[in-house]
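Please read the structure below before turning to the comments.
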Amino acid sequence: MLAAVITLAGLGFLGSLGLAIAARVFAVETDPRTEEIEEALPGANCGACGYPGCSELAKRIAEGKACIDDCPVGGQAVAKEIAGIMGVDFSGGERDVAIVLCAGNNENALKKYHYNGVYDCVSADMFYGGDKACSYGCLGLGTCVGACPFGAIEIMPEGIAKIISDKCTGCGKCVEACPKDIIKLVPASRKLHILCSSHDKGAAAKKKCEVACIGCQKCVKAAPEGAIEMDDFLAVVNYAMEIPENVADECPMGTIKVYDSENSLKQAAGGGS
Amino acid sequence: MAKGFFGGIHPDYHKELASGEPVKVMPLPEQLIVYFSQNLGVPSKPVVEKGDEVKKGQVIAEAGGFVSTPVHSPTSGKIKSIGLHPSPVGTEMEAAVIIPDGEDEWAEGCDKERDISGFTPDEIKNIVNNAGVVGMGGATFPTHVKLSPPEDKPIDILILNGAECEPYLASDHRLMLEKAEEILEGASLFARAINVDNIVVAIEKNKPDAIEKMKNLTAGRDRFRVEALGVIYPQGAEKQLIYAITGRKVPTGGLPMDAGALVQNVGTCFAAFEAARLNRPLIRRVVTVTGSGIKNPSNILARIGTTFRDIVDFCGGMTDDTAKVISGGPMMGIAQYSLDSAVGKGTSGIVLLKADEVAQFENNPCIRCGRCLAVCPMNLDPSAISIFAERMRYDETEEYCVMDCIECGSCAYVCPSKRPLVQHFKRAKAEIRKRSKKTG
């Protein structure tokens with residue numbers, strides 16, 4: 001009996017001694033900041049930063065291999081917090097939000113056929129580029145909705161995607177998912193947008209959609225030089241520059257919209273009205 | 001010897017609508033829309049410009065690589081414009097709009113009868129390639145590629161595909177009745193090109209007159225054998241046909257040559273005959289125009305580039321309640337949104353249906369009844385693959401061998417939940433191809 005107790009106790013002591021030595025010899029040095037940074041990150045593990053999850057990004061930031069503002073979801077607030085942990089200054093950078101550059105919905109845009117198949121934009125796009133007559137327009141089947149990790153996209157009853165700016169974190173997942181490539185990330189402070197992506201010539205674009213950019217260039221002339229530029233029959237906003245809101249009034253098609261900060265959605269969905 | 005394959009379905013065939021109609025030659029239309037890319041594989045490169053005068057049989061697009069074929073002008077005339085047009089395969093494709101001058105004048109060297117008995121295998125491959133001959137059953141795979149197997153894959157059997165298992169279509173059937181001798185001549189050329197003297201003409205039993213005709217013609221010719229196949233869809237699919245005739249299976253991801261077989265559609269044989277004997281490139285084909293939506297179901301010999309609109313008019317026009325126009329058969333064909341689509345080298349038929357004949361997909365959830373598993377001729381699990389595809393789990397669809405799917409549509413045909421299964425598979429295949437391109 002006693003021998004058994006002593007043997008077991010002895011074995012236990014030897015084992016723990018081994019562990020104690022191993023802990024010293026093979027110790028993995030971790031940066032205490034890694035844990036703090038991970039606390040500060042949103043914890044959605046969405047992968048928008050390009051790393052497998054928040055802990056991996058935290059590790060890389062602590063190691064100096066990633067920037068303090070690499071989390072597009074956390075935006076400025078998180079970047080500031082991380083800057084505090086890392087003991088560096090953080091200034092600048094503005095929150096990006098996604099926007100769907102199309103306003104052609106079921107009411108104002110022409111359809112070329114009745115689509116009856118898989119409810120997914122990429123699948124529809126594989127068949128004559130989708131049911132919209134305009135080959136550039138939003139198909140409204142919600143592939144971006146499925147891609148958004150934050151529930152910031154809705155398909156309006158009129159059949160077009162809209163982004164809820166307040167919920168959007170600018171992670172860019174929808175930009176990648178859209179087969180039409182019409183979702184763009186823009187600075188959140190910018191309110192004037194040209195909601196069209198059609199490179200069709202004016203007459204052709206107008207035939208297919210009541211709110212298409214027809215390339216008349218009225219907005220280009222009204223805006224400060226370089227603030228709106230023409231790209232292959234399409235007026236494109238240069239978001240680096242400020243544009244006065246009254247430029248929107250110049251547009252004969254109602255393609256240019258000015259969003260207010262609270263309800264950007266309703267206007268986008270309203271289309272040509 | 002096996003005479004069938006696992007799975008398959010028995011749809012309503014409706015072959016009687018057009019199978020009794022002799023092939024009529026369609027007159028020269030007012031304009032032709034010729035797509036620059038008419039084959040599976042590498043797209044062809046256009047070599048003409050707007051305003052150019054072209055002769056009948058002149059090359060308007062050159063082969064873009066080995067797995068590619070040239071495209072020829074179907075008549076003499078002027079190129080009015082070049083631009084994107086809806087095509088029968090479900091995409092907008094670049095095409096030349098040719099306004100015929102009415103002379104229908106051949107380019108130099110074309111349309112001259114010659115002796116074909118002395119051609120060597122390489123000469124035959126060149127002739128077939130230069131004439132733009134592709135698989136005319138619908139897949140449009142360049143024929144000269146099929147005739148060039150690597151040395152380590154010997155081929156010992158040539159199968160002429162006259163199964164025509166797609167419902168409604170009768171173009172191969174009519175061709176076998178009217179041009180049987182020419183088809184066999186073309187097949188002999190193929191056999192010489194790959195050095196094979198075992199040729200099987202495979203025809204489904206629902207075409208007894210064609211079987212009879214072929215049997216009479218091949219009587220006393222040892223190399224040929226006519227095989228009557230059971231009537232089941234998709235009997236005419238390459239892999240299923242090889243299995244039914246030889247009992248050999250094409251390995252997953254493989255080609256018929258991996259099973260030592262070469263399959264050629266009867267229409268392809270005819271095109272090869274015309275190319276070799278008459279020095280005519282592939283500029284016309286037989287198209288079945290049928291269904292309850294067309295006034296006079298017909299088989300017509302149409303030039304490549306004839307618009308569906310002209311063809312429908314030639315066949316008496318649509319009935320009042322036509323709801324759907326399909327290029328190809330109802331199982332594997334592609335629905336058309338515009339009659340401005342034009343006949344391509346793979347357009348075997350145009351099927352027009354009424355609203356009550358058109359099945360609508362409903363995207364209901366899979367109820368795991370397993371009917372699709374029982375009919376899939378490739379022994380796949382369409383139920384599981386479609387569920388993975390729906391959830392965008394494409395790695396799993398690849399593990400479940402979605403790349404082996406032949407898109408025959410048997411699963412969607414029997415699905416009680418009316419799921420658009422084939423569309424799911426097409427999407428999954430496209431995603432997988434995109435990924436493998438990205439990774440190298």
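Every chain is numbered from 1 and lettered A, B, ... according to where its sequence line falls, protein lines coming before strand lines.
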Test log, rule side-chain contact (heavy atoms from CB on, under 4.5 Å), inputs A/Val122 and B/Arg427: CA-CA 8 Å; A/Val122 181; B/Arg427 162 91 197 271; 3.3 Å; yes

Gap between atom CZ of A/Phe127 and atom OG1 of B/Thr91 - 0.5 Å precision: 10.0 Å

Atom OH of B/Tyr400: over 12 foreign heavy atoms under 6.0 Å: no

Donor-acceptor contact below 3.5 Å, side chain B/Gln423 vs main chain A/Gly117: no

Chain B contact via A/Asp120 - which portion, at a heavy-atom distance below 4.5 Å: side chain

Which portion of B/Ser338 sits near chain A, non-hydrogen atoms under 4.5 angstrom: neither

Side chain / backbone / both / neither for B/Ala389 at chain A, heavy atoms under 4.5 Å: neither

Top contributor to chain A interface from B/Glu92, B/Lys418, B/Met93, B/Glu390 [non-hydrogen pairs under 4.5 Å]: B/Glu92

Toward chain B, the part of A/Ala124 with a non-hydrogen atom under 4.5 Å: backbone

Residue pair B/Gln336 / A/Tyr128, side-chain donor-acceptor N/O under 3.5 Å: yes

For chain A, the option from B/Pro86, B/Gly90, B/Ala335, B/Ser87 that forms the most heavy-atom pairs under 4.5 Å: B/Gly90

Residue B/Glu431 versus chain A: region with a heavy atom under 4.5 Å: side chain

Which atoms of B/Lys426 approach chain A - backbone, side chain, both or neither, heavy atom under 4.5 Å: both

B/His424 NE2 to A/Ser123 OG distance, which is reported to the nearest 0.5 Å: 7.0 Å

Per-residue contact mode, B/Met392 against chain A (heavy atom under 4.5 angstrom): side chain

Residue-level contacts of residues 340-369 of chain B with chain A, using a heavy-atom cutoff under 4.5 Å: B/Ser341, B/Gln360, B/Phe361, B/Asn363

